[in-house]
Amino acid sequence: MAGTGSLALIIVRTMKMLLDRYDRTINYLRLSITDRCNLRCRYCMPEEGVEMVGHGDLLTYEEIVRTIEVFARNGISKVRITGGEPLVRRGAVDLVKAIARIKGIKDLSLTTNGVLLKEYAGALVEAGLRRINISLDTLKSDRFAYITRRDGFKEVWEGIEEALRQRLSPIKVNVVVIKGLNDDEIKDFARLSLTYPLHIRFIEFMPVGEENDWNREEAIPSSQIMEEIRGIGELVPLGPYENGGPAERYYIEGGKGEIGFISPISSHFCAQCNRLRLTPDGKIRTCLFSDEEIDLKAALRRSGGEVMLEKILYHALQAKPEGHRIGDMRFKKCQRGMHAIGG
Ligand code: SAM
């Protein structure tokens, strides 16, 4: 009879691990289910003239679930649903429920702008969601209307309160810091982590999409944000945790929440990158900043067989670049904006 040691060995042997050409373990799929959004954040999506993916070109929920089932059997264990705004696509809660049940998916999360969260938080928890990321770049209602070109601050704040009531945990609040736009609110956001069990995550502004007029001067490095927060209190470092992603984590003495820094520009973390992206129109992107895409939808609609999906997955592993080239003369911004790729 096999002892517990050999049983463990059998389990390890049957667990698949996806390695790319640079020996990175790829276990994370960032899944965008729509390019539509109920906001128009100035640095993310143009107000008008955006060509949207036609309904027939969107991956259906059945196609998405089929893909994730096959990917999960091969080593993908984390999925984040995003967009556009995922909660504007009809049936998003049903998709959460279906993905939460897929064998091998150990971590499921969702990124939302929070506008519809008050309405959906309870149903999302019932569907199996345990944690959430909410994007919010300002705590001022009029500035929110300026940045997003829509009213909605009150709805987002009520969405955060509902997420707290529903005990989603962690609740990460993502703040993209842009010079002259919201950098005067760094301390106010950091202070939220004193009063609420929120994980405030400051994200460096990135050059994504031809339409975004990124420039280096507007992208405030994490080191500068940290310096400013030290004016409130000591930042005590926390180690990485399983679902921490690339954030450097801290808390302020006595605080209920955390503060994290995501620094794709100032200290890029490509060597630890564990993710693939799937766009709403069914293209796999192996790097946020690269225009190279692999047409999963065409393969799905041609055969949809497990072997075909596995072939696509392994092709993506081979194609994943070593890193982005921001800061290098050869760097060229990718064409699609964040709303169309999935942020
Ligand atoms: N609608 C959802 C939301 O607002 O969270 C999901 C999609 S949105 C594109 C995801 C995240 O990408 C948001 O936090 C947004 O602020 C961020 N984002 C968009 N463009 C960005 C850029 N150029 N640099 C850094 N973050 C960006």
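Predicted, not measured: the structure shown is a model, and the values here were computed from it. Remember, it's 1-based here, ligands and their atoms both numbered in the order they're listed.
Using a 4.0 Å cut-off between heavy atoms, Thr112 contacts ligand 1 through its backbone alone, with no side-chain atom that close.
Against a heavy-atom cut-off of under 4.0 Å, Thr82 is close to the following atoms of ligand 1: 6 (C), 7 (C). Taking a cut-off of under 4.0 Å to the non-hydrogen atoms of Glu204, the atoms of ligand 1 that pass are 25 (C). Atom numbering of ligand 1 starts at 1 in the shown order; those under 4.0 Å from a heavy atom of Thr111 are 2 (C), 3 (C), 5 (O), 6 (C). Every atom of ligand 1 is numbered from 1 in the order shown, and the set under 4.0 Å from a heavy atom of Phe205 is 22 (C), 23 (N), 24 (N).
Remark: Arg80 fails to qualify as a cation-pi partner of Tyr28 under the 6.0 Å distance and 45° angle criteria applied to the six-membered ring. Under a cutoff of 6.0 Å and an axis angle of 45°, Arg249 and Phe261 do not form a cation-pi pair.
Side chains of Asp20 and Gln318: no donor on one and acceptor on the other come within 3.5 Å. Judged purely by distance below 3.5 Å, without hydrogens or angles, the side chains of Trp157 and Glu161 pair a donor atom with an acceptor atom.
The distance from the CD atom of Glu234 to the OH atom of Tyr251 is 8.5 Å, given to the nearest 0.5 Å.
Residues Arg285 and Arg30 fail the side-chain proximity criterion, which asks for heavy atoms closer than 4.5 Å.
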Test side chain to side chain contact (heavy atoms under 4.5 Å, CB included) applied to Thr111 and Ser135, step by step: CA-CA 7 Å; Thr111 297; Ser135 305; 4.0 Å; yes

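At the shortest separation from atom 17 (C) of ligand 1 among protein heavy atoms lies Val176 CG2, 4.2 Å. For atom 24 (N) of ligand 1, the nearest non-hydrogen atom of the protein is Met206 N, 2.9 Å. Looking at atom 27 (C) of ligand 1, its nearest protein heavy atom turns out to be Met338 CE, 3.6 Å. In this structure, atom 16 (O) of ligand 1 lies nearest to the protein heavy atom Tyr43 OH, 2.7 Å. Remark: minimum distance from atom 1 (N) of ligand 1 to any protein heavy atom is reached at Gly84 O, 2.8 Å.
The heavy atom nearest to atom 11 (C) of ligand 1, considering only Ala219, Ser135, Gly337, is found in Ser135.
Considering Val175, Ile259, Ile186, Asp183 in turn, Ile186 is the only one that fulfils the side chain to side chain contact (heavy atoms under 4.5 Å, CB included) rule with Ile225.
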